[in-house]
Amino acid sequence: MGINLGDEFPNFKAETSQGDIQFHDWIGDSWTILFSHPADYTPVCTTELGAVIKLVPEFQKRNVKLIALSCDSVEDHLGWSKDIQSYQKCGGDFPYPIIADKERKLAVQLGMLDPVEKDKAGLPLTCRAYFIIGPDRKLKLSALYPATTGRNFDEILRVIDSLQLTATKKVATPANWKQGGECMVVPSVTPEEAAKLFPKHRVQDVPSGKSYLRFTPQP
Ligand code: BEZ
């Protein structure tokens with residue numbers, strides 16, 4: 001099982017720490033990041049969900065909604081949320097919902113189970129997956145990390161910036177690009193179109209003589 005880039009994301013029903021949801025309705029007009037973790041009350045997961053709390057304003061600025069997922073119960077999510085907030089030294093309401101996928105239906109459907117990590121009953125746990133879904137409900141990006149490697153959420157913000165930019169402009173973002181950095185004109189743009197769309201672009205000479213390295217200031 002699994003889902004490919006460009007596929008419509010499943011419109012599942014789920015129980016969450018903030019009530020039941022129908023996923024497509026919950027998305028509304030936003031971009032969405034659905035991210036899974038192996039288990040509640042575990043150390044790396046606590047640092048991850050805490051790091052996300054700190055970045056909520058950055059995700060909000062980008063019109064991105066966040067939703068976490070593990071195979072634990074709503075009761076566990078609610079209890080553990082207090083630990084995460086205490087660790088992160090922040091109060092108030094927990095700022096995003098956590099899906100309770102106790103029967104592992106979504107974990108199987110979305111290809112998120114990690115065969116290496118098992119719970120006390122020997123059942124596989126979810127890996128550290130994340131899915132970025134556009135307002136059109138299509139999958140734009142996904143990644144799978146093992147339980148032993150916590151994610152870099154600044155990188156997830158960076159890829160959101162790239163996805164949102166390249167959704168509307170005929171550019172791609174090069175290695176290690178950051179918001180405001182130089183972009184590449186995409187190969188499908190003809191030289192005439194490039195001159196009109198990106199008057200400040202430059203073509204870098206290469207030994208092949210081919211004009212494919214076209215850099216432009218970020219549009
Ligand atoms: C953790 O979150 O620390 C963790 C969870 C499962 C396996 C290894 C680490």
Side-chain angles (χ1 to χ4, degrees), residues 1-3 9-10 12-21 23 26 31-60 62 64-133 139-160:
M1 294 295 274
I3 168 163
F9 209 78
F12 57 84
K13 269 194 182 138
E15 231 189 310
T16 86
S17 54
Q18 296 181 359
D20 293 351
I21 60 161
F23 193 53
W26 183 83
W31 288 70
T32 298
I33 301 178
L34 187 159
F35 62 109
S36 65
H37 57 274
D40 295 0
Y41 298 107
T42 51
V44 175
C45 302
T46 303
T47 63
E48 285 196 322
L49 273 76
V52 173
I53 291 179
K54 267 176 73 180
L55 290 175
V56 161
E58 289 300 320
F59 286 111
Q60 280 173 341
R62 293 161 173 82
V64 177
K65 283 175 118 174
L66 297 153
I67 188 161
L69 175 149
S70 79
C71 301
D72 295 301
S73 64
V74 163
E75 194 188 351
D76 280 338
H77 292 341
L78 293 174
W80 180 46
S81 295
K82 295 194 186 89
D83 290 359
I84 299 167
Q85 288 182 289
S86 154
Y87 157 74
Q88 200 58 61
K89 297 186 176 51
C90 62
D93 293 334
F94 199 83
Y96 53 88
I98 310 175
I99 296 171
D101 187 29
K102 278 191 303 182
E103 286 163 21
R104 293 164 168 71
K105 277 192 195 153
L106 275 173
V108 171
Q109 187 178 8
L110 300 174
M112 293 190 290
L113 284 178
D114 181 341
V116 177
E117 295 298 334
K118 307 252 167 69
D119 67 9
K120 285 184 194 133
L123 292 170
L125 295 168
T126 33
C127 64
R128 301 185 194 283
Y130 68 85
F131 299 90
I132 302 182
I133 302 139
L139 180 67
K140 307 299 180 188
L141 185 146
S142 65
L144 302 179
Y145 286 50
T148 41
T149 303
R151 288 158 285 193
N152 180 334
F153 288 90
D154 290 326
E155 166 63 4
I156 299 180
L157 275 176
R158 191 191 73 88
V159 298
I160 284 280

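Each ligand, and each atom within it, is numbered from 1 in the order the structure gives. As the structure is a prediction and not an experimental result, all values here were calculated from the model.
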Please answer whether the main-chain N or O of [Y] pairs with a side-chain N or O of [X] as donor and acceptor at a distance below 3.5 Å.
{"X": "S36", "Y": "A129", "value": "yes"}
{"X": "Q88", "Y": "K54", "value": "no"}
{"X": "Y96", "Y": "K65", "value": "no"}

Polar side chain donor-acceptor pair, T42 to W80, under 3.5 angstrom: no

Determine whether the side chains of D72 and H77 contain a donor N or O and an acceptor N or O closer than 3.5 Å. no

Applying a heavy-atom distance cut-off of 4.0 Å, which protein residues contact ligand 1? P38, T42, P43, V44, C45, E117, R128, A147

Please verify the inter-ring angle class for F23 with W26; under 30° counts as parallel, over 60° as perpendicular, anything in between as tilted. parallel

